[in-house]
Amino acid sequence: MNVIVYGPGCANCQETEKLVRKAAAATGRTDIAISHVTDFKEMLCAGVLTTPAVTVDGVLKCSGRVPELAEMTAWLAE
């Protein structure tokens, strides 16, 4: 599973990445790769217009807000 956090590195983007890592640990899965994209061209290519944003296996799960931990855990448990 590939999870990407998109954002320039603001406080909300950092919080989103922290929560994604916490959610990944909570699922107990070892196949989750997490990365953080800060390049605006890459964000636009992925269809991200507002940050922070999270994709799971190429599917945009949220954009423009910090998702809840329970919400992220559900995405990663699928």
Side-chain angles (χ1 to χ4, degrees):
M1 177 177 287
N2 189 24
V3 180
I4 303 174
V5 176
Y6 293 89
C10 65
N12 283 340
C13 298
Q14 291 174 2
E15 180 65 18
T16 299
E17 182 178 0
K18 183 175 149 184
L19 288 171
V20 166
R21 293 188 184 283
K22 192 180 227 183
T27 65
R29 293 181 60 168
T30 59
D31 65 335
I32 299 174
I34 301 168
S35 58
H36 190 146
V37 172
T38 58
D39 182 71
F40 287 108
K41 286 182 183 179
E42 285 186 55
M43 289 182 214
L44 289 175
C45 287
V48 173
L49 301 177
T50 56
T51 62
V54 178
T55 63
V56 177
D57 290 335
V59 177
L60 185 63
K61 293 294 190 175
C62 80
S63 182
R65 65 182 177 87
V66 178
E68 298 292 325
L69 180 61
E71 184 178 22
M72 280 190 275
T73 303
W75 297 336
L76 301 180
E78 292 176 353

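By convention here, the first residue in the shown sequence is residue 1.
The main-chain N or O of Leu76 is found under 3.5 Å from a side-chain atom of Arg29 such that the two form a donor-acceptor pair.
Between Asn2 and Ala33, the shortest heavy-atom distance links the atoms OD1-O, 3.4 Å. What you find for Pro67 and Val54 is that their closest heavy atoms are CG-CG2, 4.3 Å. Across all their heavy atoms, Gly7 and Cys13 have their closest contact at CA-SG, 3.3 Å.
With sequence neighbours left out, the side-chain contact (heavy atoms from CB on, under 4.5 Å) criterion links Ala46 to Tyr6, Val48. In this view, Lys22 satisfies the salt bridge (charged side-chain N to carboxylate O under 4.0 Å, His left out) rule with no residue, not counting sequence neighbours.
Applying the side-chain hydrogen bond (donor to acceptor under 3.5 Å, both in side chains) test to residues at least two apart or on different chains, the pairs with a partner in residues 44-64 are Thr50-Ser63. Identified under the side-chain hydrogen bond (donor to acceptor under 3.5 Å, both in side chains) test for residues 67-77, with sequence neighbours left out: Arg65-Glu71. Sorted by first then second residue, the side-chain hydrogen bond (donor to acceptor under 3.5 Å, both in side chains) pairs that include residues 33-48, not counting sequence neighbours, are Glu17-His36.
Under the 4.5 Å side-chain heavy-atom criterion for grouping Ile, Leu, Val, Met, Phe, Trp and Tyr, Val56 is connected to Val66 within one hydrophobic cluster. Note on Met1 and Met72: same hydrophobic cluster, where clusters join Ile, Leu, Val, Met, Phe, Trp and Tyr whose side-chain heavy atoms are under 4.5 Å apart, directly or indirectly.
In the hydrophobic clustering (ILVMFWY side chains linked at under 4.5 Å, chained through shared members), Leu44 is joined by Leu49.
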Walk me through whether Val5 and Val37 qualify under side chain to side chain contact (heavy atoms under 4.5 Å, CB included). CA-CA 6 Å; Val5 176; Val37 172; over 6 Å; no
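Inter-residue side-chain proximity for Val3 and Ile32 is flagged as met; some heavy-atom pair is nearer than 4.5 Å. Looking only at side-chain heavy atoms (C-beta outward), Gln14 and Thr16 stay at 4.5 Å or farther from each other.
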